[in-house]
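Here's the structure we're looking at; comments come further down.
In the text below, chain A, chain B and the rest are named by the order of the sequence lines, each starting its count at 1.
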Amino acid sequence: MQIYNTLSRKKETYIPQDQIKVYVCGVTPYDEAHLGHARPSIVWDVIKRYFNYQGYTVKMVQNFTDVDDKIIARSLREKRPALEISDYYSKRYLEAMDKLGVVRCDYYPRVSQYIIKIIEMVKGLIEKGHAYESSGDVYFKVNSFPTYGKLSGRNVEELRAGTRLAVEENKQDPVDFALWKSAKPGEISWSSPWGEGRPGWHIECSAMALDLLGESFDFHGGGLDLIFPHHENEIAQSEAYTGKQFVSFWIHNGLITIDNEKMSKSLGNFVTVEDLLRENTKEEIRFYILSTHYRTPLNFTWEGLKESAKGLKRLNNSVRSWQEEAKPLDWQNFSELNELEKRFKDAMDDDFNTAQALGVLFDLNRLGNQYLQQNDKRLGAALKLMHELGGILGIIKEKEEKAIQTDLLDKVVEILLELRLAAKKEKNWALADKIREQLLEAGIILEDSTSATRWKVKD
RNA sequence: GGCGGCAUAGCCAAGUGGUAAGGCAGGGGUCUGCAAAAUCCCGAUCCCCAGUUCAAAUCUGGGUGCCGCCUCCA
């Protein structure tokens, strides 16, 4: 399969390993999960499901950066322990992802649990001459790592010339970055060979990835905004430390804008996962996000989400009606369905092109509905295929969700349907229509077909 | 200033050399007592200019516009 690698800025061939190792940058838990977190989570959830579908296992790690400036700032402001805040928002994050149908990762390591390993790594980097201590801080010596800039396409000379780097007198070189920061009064800290302090940003991801996935692994993911400096620095630290290539494929998702503006708190255009879930199902949110290729910037609008939900509804409507007419049947025996499955895989094999894969699902949808109309036995096979492929994307409702439906309601509606059928036989259209209209008002939709009447509770 | 991305029908969105998937909206037909659902048909020459090529939305050069990163960020 072909996967775009930020490192080479082109698609490269990837041959899946039996166990695929993935590290995805997680969140700094200091506030509610938002749309910008939902995209990489959903994308990687789908990637994982797709590999599983192909028979591979995936070992996936996503970190919580639970020691961080923003958390400390909040902790000082609210006079609450930093780890209490990060613990709370970590849980909130996991809950939000659960509600989006994201399968949990294998590990969710936290900085606070990795202090010893981080210190070990920092020590190692100093010993190897890639880092130095300065007044309780430790910095990575960028000029000791010749290929610095290879991921982000940056040039150290130009970075140095740039005036935007904060001038810190402790640094030997303005491009150097902190591995360890000495503690300021009141901040959370740990003791280290360099005194009380805490890890700098970047080092935690290296330490945790190295520990859980080894010195080299397949994929490292995250938002495009992390390429520089975060991922660039991760490469420098890790490769300087191990002497081996850290990651084979760097995979970055495009960012989300809202009404064409960057999502940010100061602009007040922040959409949280909770906001989304208030009006939409998880399937609708996933479908919306997956309708755009993961590397393309996604401009979120509520109208767009609503529109796309209509498309998804067709898929789920079909599945519902197919289920009433057919039992699942292996699709492997039918060439038309094999063809569709192949097209789906081709799309996914080409840099996880979910947008194209969705197009295949709509073709399957049409085919299945034709089977339905023609009473074709292949309907059951189409149903099964739809479940399998839709299941990779997580957009097909697993079971009929009729939360408010009960046996009692079933019986009552059946009685009304019988009465209506009788009315129809007498060509008493007025009564038949009245029953239908009033049920609709009550939230029950009737759909007549030539043979029978289907009914469902309005979404 | 440096690095990078994007620009395809009314809207959303695939498509990296051979004459444009799919979805939403819209129009028409079939089915139906009607409605709904479903199904069939109808719509773009791909921001502009110049080049390369038998052939370009797809490659090259130059523009224009929007956006991101370079400071925290998924």
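Whole-Å rounding puts the Ile42(A) CD1 to A74(B) P distance at 16 Å. The separation between Glu303(A) atom CD and C12(B) atom C1' is 12 Å, rounded to whole Å. For the pair Glu234(A) CD and A74(B) P, the interatomic distance rounds to 13 Å; values are reported in whole Å.
Between Thr296(A) and A14(B) there is a side-chain N or O to OP1 or OP2 distance below 4.0 Å. Using a 4.0 Å cut-off, some side-chain N or O of Asn369(A) falls inside it from OP1 or OP2 of U39(B). Put simply, Asn353(A) has a side-chain N or O that comes within less than 4.0 Å of OP1 or OP2 on G15(B).
With a 4.5 Å cut-off on side-chain heavy atoms, Leu298(A) and Thr257(A) do not count as touching.
Counting any heavy atom pair closer than 4.0 Å across all strands shown, Gly221(A) reaches no nucleic acid atom. Residue contacts for Arg154(A): at a heavy-atom cut-off of 4.0 Å it reaches a base atom on one of the strands shown. As judged by a 4.0 angstrom heavy-atom cut-off over every strand, Gly304(A) is placed among residues making no nucleic acid contact. The residue Leu361(A) sits apart from the nucleic acid: no heavy atom pair falls under 4.0 Å. His252(A) comes within 4.0 angstrom of nothing in the nucleic acid, heavy atoms only. Residue Leu255(A) is classed as a base contact, given a heavy-atom separation below 4.0 Å to a base.
When the C1' atom is used for both A38(B) and C54(B), the distance is 46 Å, rounded to whole Å. Comparing U8(B) with C48(B), their C1' atoms are spaced 15 Å from each other, to the whole Å. Distance noted for atom P between U64(B) and G27(B): 42 Å (whole Å). Here, A9(B) and A25(B) have their C1' atoms 12 Å apart, quoted to the whole Å. Comparing C46(B) with A56(B), their C1' atoms are spaced 11 Å from each other, to the whole Å.
Taking the ring axis of Tyr4(A) as reference, the NZ or CZ atom of Arg295(A) stays within 45° of it and closer than 6.0 Å to the ring centre.
With 3.5 Å as the limit, one finds no donor-acceptor pair spanning the side chains of Asn143(A) and Tyr148(A).
Ion pairing of Asp363(A) with Arg343(A) is present here, as a side-chain N (NZ or NE/NH1/NH2) and a carboxylate O approach within less than 4.0 Å.
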Q.
So if I define the base as every atom that isn't primed, P, OP1 or OP2, how would nucleotides 19-37 of chain B read as a B/S/- string at a heavy-atom cutoff under 4.0 Å?
A. --BSBSS-------BBBBS

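Aromatic ring pairs are classed by plane angle as parallel below 30°, tilted from 30° to 60° and perpendicular above 60°; the pair His37(A) and His34(A) is tilted.
For Thr28(A), taking side-chain heavy atoms from C-beta onward, the closest of the listed nucleotides A74(B), G15(B), G4(B) is A74(B).
Taken to the nearest 0.5 Å, the CZ atom of Arg286(A) stands 8.0 Å off from the CG atom of Leu393(A).
Looking at Thr281(A), its side chain does come within 3.5 Å of a backbone N or O of Glu284(A) through a donor-acceptor pair.
Sequence order on RNA chain B of the closest nucleotides to Thr292(A) and Val27(A) puts Thr292(A) first from the 5' end. Nearer to the 5' terminus of RNA chain B, by closest-nucleotide assignment, is the contact made by Lys11(A) (compared with the other of Asn365(A) and Lys11(A)).
Scanning for side-chain contact (heavy atoms from CB on, under 4.5 Å) contacts around Glu279(A) gives an empty result, with sequence neighbours left out.
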